[in-house]
Amino acid sequence: MSRSLQQNAVVEEPTITPVVAELAARFAAEGKRLYLVGGSVRDAVLGRPTNDFDFTTDARPAEIQKLLSGWSDAQWDTGIAFGTVGASKKGEIIEITTFRADVYDGVTRNPEVTFGDSIDGDLVRRDFTVNAMAFDVVAREFVDPTGGLQAARDGVLDTPATPQESFGDDPLRMLRAARFVSQLGFTAAPRVIEAMRSMAGELARITPERVQVELSKLLCGAHPRRGIELMVETGLADIVLPELTAMKLEIDEHHQHKDVFHHSLVVLEQAIDLEDVDQSPDLVLRIAALLHDIGKPATRKFEAGGGVSFHHHEVVGAKMVRKRLRALRYSKEITEDVAKLVYLHLRFHGYGNGEWTDSAVRRYVTDAGDLLTRLHKLVRADCTTRNKRKANLLKRTYDSLEERIARIAAEEDLARVRPDLDGNEIMKMLGLPPGPQVGAAWKFLKELRLDRGPLDRDEAEAALLDWAREQGITPPSA
């Protein structure tokens with residue numbers, strides 16, 4: 001182990017709360033060790049904040065339960081089959097796992113759980129060296145058998161064992177490598193990249209749900225572009241998001257970028273720059289930015305004169321997004337939100353120099369609904385031209401559209417566009433029972449409201465009666 005390295009360097013120690021110190025003393029009194037492990041140790045070394053505190057110990061699960069009894073406020077054993085006991089004390093959540101020495105079957109990613117006898121043996125089985133460090137809470141010293149401290153300083157992501165052995169045990173670790181590149185800004189070691197290239201197909205052993213979790217964490221990292229590029233470079237994207245690789249082969253129609261893939265990465269970075277700094281990363285916006293041109297490969301057409309077009313790629317793209325996100329088991333809400341943003345991201349380009357009528361502006365806002373703020377960010381991020389004059393013109397034009405939206409919203413309460421008559425009033429006027437005809441009348445009045453803005457009651461009633469006569473509906477006599 002590299003305690004000598006640790007002793008010769010200034011390393012930020014993990015924060016030990018009074019509750020944790022008290023617990024460690026309780027373990028020590030019984031001759032047991034308690035180590036902080038995982039991301040909290042790594043993040044302390046890197047000077048990053050963390051709320052993730054996991055512990056490991058030489059005590060067996062039954063011994064852990066005994067040590068926690070009479071001390072913790074609550075205790076649970078939902079993870080006891082894997083050697084993990086959970087507890088809470090004064091509002092702090094604590095999870096403690098017995099040293100592990102698992103063996104993988106090489107078919108699934110599910111190990112045969114076996115308990116170990118040493119901290120070093122527990123650490124060397126972990127995914128990456130920067131995650132294979134521990135901190136002895138009582139002795140207040142680092143345990144680093146695989147060189148994680150030096151890897152953290154160098155910004156290198158490497159495996160404790162050979163990458164082939166590590167990824168063979170659990171292929172999800174390849175995707176986790178891309179995720180950590182995104183989150184930490186590290187560079188994968190050459191041997192890790194080589195193993196990822198040769199073993200990418202092993203990801204097929206992993207359930208879509210687990211893949212989705214890692215992909216979402218990658219996209220919400222501080223450097224998602226780096227993680228995505230590693231996925232494409234190593235072939236992981238061919239398994240997880242094959243549409244990314246397809247975009248890499250397509251030339252952007254503006255001929256200002258190397259390819260659609262590169263353009264999409266720039267849009268992703270620019271969308272991130274538009275996120276609210278005091279809020280969490282916007283997963284929906286980031287997926288939409290990355291995949292907004294997903295339909296271009298399927299719609300590419302070479303025009304006379306050397307041009308390239310991608311007509312209706314937003315329509316095709318929305319369908320492709322739904323298919324891919326469903327396959328990755330994303331929620332219906334996320335899937336539909338991303339698909340709608342992809343579908344709407346080109347709508348603004350019909351605005352021209354402000355030729356839209358107020359009716360068109362209302363439809364833009366109504367179609368976007370709760371996604372309007374995200375749509376604003378996506379459309380602005382989609383401008384990647386290097387022509388400053390053109391970029392400034394697009395910005396001013398979108399500024400103008402947002403100003404019009406604000407003005408009309410203030411006048412008409414666009415956030416709650418509804419027909420000027422509700423369903424009950426429609427049924428009473430037309431003498432209809434609940435059913436499809438009432439829905440059709442409601443839709444007609446909403447379209448009228450979008451076209452003409454708010455109507456007074458007499459105008460709305462007259463329009464509804466005219467529509468009813470055209471539909472062959474005879475209202476009851478007044």
Side-chain angles (χ1 to χ4, degrees), residues 109 167 170-179 181-182 188 192-221 224-253 257-269 271 283-301 308 310 312-331 334-339 341-343 345:
R109 66 178 300 270
F167 299 156
D170 184 359
L172 188 64
R173 288 173 173 174
M174 292 185 283
L175 193 54
R176 285 169 62 84
R179 188 248 287 189
V181 164
S182 169
V192 169
I193 295 175
E194 180 183 353
M196 290 169 71
R197 283 198 186 105
S198 64
M199 301 179 67
E202 293 294 310
L203 264 182
R205 288 163 46 190
I206 307 302
T207 65
E209 291 83 358
R210 298 303 303 271
V211 169
Q212 179 239 106
V213 169
E214 291 299 327
L215 180 62
S216 295
K217 289 179 179 179
L218 183 160
L219 288 170
C220 289
R225 176 172 183 160
R226 296 180 65 169
I228 292 163
E229 287 177 330
L230 180 60
M231 285 176 57
V232 171
E233 176 188 355
T234 57
L236 294 186
D238 294 341
I239 309 299
V240 178
L241 275 176
E243 295 82 2
L244 288 179
T245 305
M247 286 195 291
K248 191 174 177 63
L249 303 177
E250 304 302 321
I251 304 301
D252 184 80
E253 74 269 32
H257 305 284
K258 181 173 61 177
D259 50 37
V260 174
F261 172 68
H262 176 79
H263 162 76
S264 298
L265 293 180
V266 175
V267 173
L268 171 62
E269 291 178 318
L283 178 62
V284 167
L285 177 63
R286 293 187 182 201
I287 298 176
L290 180 64
L291 301 182
H292 74 286
D293 280 344
I294 192 176
K296 281 188 172 179
T299 58
R300 181 175 63 166
K301 182 180 179 181
V308 181
F310 301 92
H312 306 300
H313 76 266
E314 75 282 11
V315 177
V316 173
K319 293 179 181 178
M320 294 175 66
V321 160
R322 286 190 180 93
K323 182 177 180 180
R324 176 54 53 196
L325 297 191
R326 286 169 182 164
L328 288 169
R329 305 295 193 269
Y330 276 98
S331 69
I334 289 177
T335 299
E336 290 305 313
D337 283 352
V338 174
L341 287 171
V342 171
Y343 179 75
H345 83 275

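All of these numbers come straight from a predicted model, not from anything done at the bench. Along the sequence shown, residues are numbered consecutively beginning with 1.
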Q: Between atom CZ of Arg322 and atom NZ of Lys319, what is the distance when rounded to the nearest 0.5 Å?
A: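 Reported value, rounded in 0.5 Å steps: 9.0 Å.
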Q: Can you list everything that forms a salt bridge (Lys or Arg N to Asp or Glu O under 4.0 Å) with Glu194? Sequence neighbours excluded, please.
A: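 For Glu194 there are no salt bridge (Lys or Arg N to Asp or Glu O under 4.0 Å) partners, ignoring immediate neighbours.
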Q: Spell out, as yes or no, whether a donor-acceptor pair under 3.5 Å connects the side chain of His262 to the backbone of Asp259.
A: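 Such a contact is absent between His262 side chain and Asp259 backbone.
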Q: Report the distance from atom CD1 of Ile334 to atom CG of Leu325, rounding to the nearest 0.5 Å.
A: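 The CD1 atom of Ile334 sits 8.5 Å away from the CG atom of Leu325.
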Q: Determine the minimum heavy-atom distance between Met199 and Met174, stating which atoms define it.
A: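 Shortest heavy-atom contact: O-CE, 3.1 Å.
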Q: Which pair of non-hydrogen atoms, one from Ala298 and one from Val316, has the smallest distance, and what is that distance?
A: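 In this case the closest contact between Ala298 and Val316 is CB-CG1, 4.2 Å.
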Q: Identify, with sequence neighbours excluded, every residue that meets salt bridge (Lys or Arg N to Asp or Glu O under 4.0 Å) alongside Glu314.
A: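 Partners of Glu314 by the salt bridge (Lys or Arg N to Asp or Glu O under 4.0 Å) criterion come out as none, since no residue qualifies.
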Q: For Ala178, give me all partners under side-chain contact (heavy atoms from CB on, under 4.5 Å), at least two apart in sequence or on another chain.
A: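 Ala178: side-chain contact (heavy atoms from CB on, under 4.5 Å) contacts with Leu218, Leu230, Met231.
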Q: Verify side-chain hydrogen bond (donor to acceptor under 3.5 Å, both in side chains) between Asp238 and Thr245, making sure each step is shown before the conclusion.
A: CA-CA 7 Å; Asp238 294 341; Thr245 305; 2.7 Å; yes
Q: Measure the CD-CZ distance between Glu214 and Arg173 for me, rounded to the nearest 0.5 Å.
A: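 That separation rounds to 11.5 Å.
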Q: Give a yes or no on whether a salt bridge exists between Glu229 and Arg225, defined as a side-chain N under 4.0 angstrom from a carboxylate O.
A: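 Judged by the 4.0 Å cut-off on N to carboxylate O distance, Glu229 and Arg225 do form a salt bridge.
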Q: Checking the side chain of Arg329 only, and the main-chain atoms of Ala327 only, is there a donor and an acceptor separated by less than 3.5 Å?
A: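 Looks like yes, one N/O pair under 3.5 Å.
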